[in-house]
Amino acid sequence: MGEFSHDPVFQGFIADAKTHAVVFVLANGEDLLVVESVDFEDTDVMPVWSTKEAAQAHCSEEWSEYHPEAVPLDVFVEGWLQEMYDDGVLIGTNWDEQLNGPEVEPREILEALALVQ
């Protein structure tokens, strides 16, 4: 079990993603939003939300040029997670309005999704 196995925000992300088979990133054309980690030096984080509404709430101020883009869960799992792992990018799951939320390694998402029926 990963570090975030009992985190309610992380578990909510996993449950919603599994139920709806989609996650949302913020995109501006071909550019996807990636930011510096708050918790780890020299580490990038891609924020990902389990609902379009939660992602949309972040499309203001410095991120006003971005919009939520749906990524099918199978594409996210089978392609994106491996690429993020290879690049050392963490995933920010269901960040709130203050950009608080778990920053997890791609393997933790894979492990958590595998446990959900």
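Since the model is a prediction, treat every value here as computed from it, not as a measurement. Atom set for the values below is all heavy atoms of this structure, side chains included, hydrogens, waters and symmetry mates excluded.
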Would you call Asp7 and Val104 a side-chain contact if the rule is heavy atoms closer than 4.5 Å? no
In short, side chain to side chain donor-acceptor pair (under 3.5 Å) pairs touching residues 28-48 with sequence neighbours left out are Ser37-Glu103
Which atom pairs, donor and acceptor, lie under 3.5 Å between side-chain atoms of residues 78-86 and protein residues at least two apart or in another chain?
from  : atom 1 : to    : atom 2 : distance (Å)
Gln82 : NE2    : Asp86 : OD1    : 2.8

Tracing side-chain links under 4.5 Å among I, L, V, M, F, W and Y, which residues wind up in one group with Phe24? Val22
Would you say Val9 ends up clustered with Phe40 if hydrophobic residues are merged whenever their side chains have heavy atoms under 4.5 Å apart, either directly or through other cluster members? no
Is it true that Val89 and Val23 fall in one hydrophobic cluster, defined by side-chain heavy atoms closer than 4.5 Å? yes
What distance separates Leu113 CG from Ile14 CD1, expressed to the nearest 0.5 Å? 4.0 Å
Please report, to 0.1 Å, the donor-acceptor pairs under 3.5 Å made by any side chain of residues 60-72, with sequence neighbours excluded.
from  : atom 1 : to    : atom 2 : distance (Å)
Ser64 : OG     : Glu61 : O      : 3.1
His67 : ND1    : Ala27 : O      : 3.0

Leu73 versus Ala17, closest heavy-atom pair with distance: CD2-O, 3.4 Å
Taking distance alone, no hydrogens or angles, what donor-acceptor pairs closer than 3.5 Å link side-chain atoms of residues 45-55 to residues at least two apart or in another chain?
from  : atom 1 : to    : atom 2 : distance (Å)
Trp49 : NE1    : Trp95 : O      : 3.0
Ser50 : OG     : Asp16 : OD2    : 3.1
Ser50 : OG     : Asn94 : OD1    : 3.3
Ser50 : OG     : Asn94 : ND2    : 3.1
Thr51 : OG1    : Ala54 : N      : 3.1

Are Val38 and Val34 grouped together when hydrophobic residues (ILVMFWY) are joined by side-chain heavy atoms under 4.5 angstrom apart? no
Same hydrophobic cluster for Leu90 and Leu99, using side-chain heavy-atom links shorter than 4.5 Å among ILVMFWY? yes
With a 4.5 Å heavy-atom cut-off, do Leu110 and Val77 have their side chains touching? yes
Side-chain donor/acceptor of His58 to backbone N/O of Asp96, under 3.5 Å: yes
Glu97: partners by side chain to side chain contact (heavy atoms under 4.5 Å, CB included), with sequence neighbours left out: none
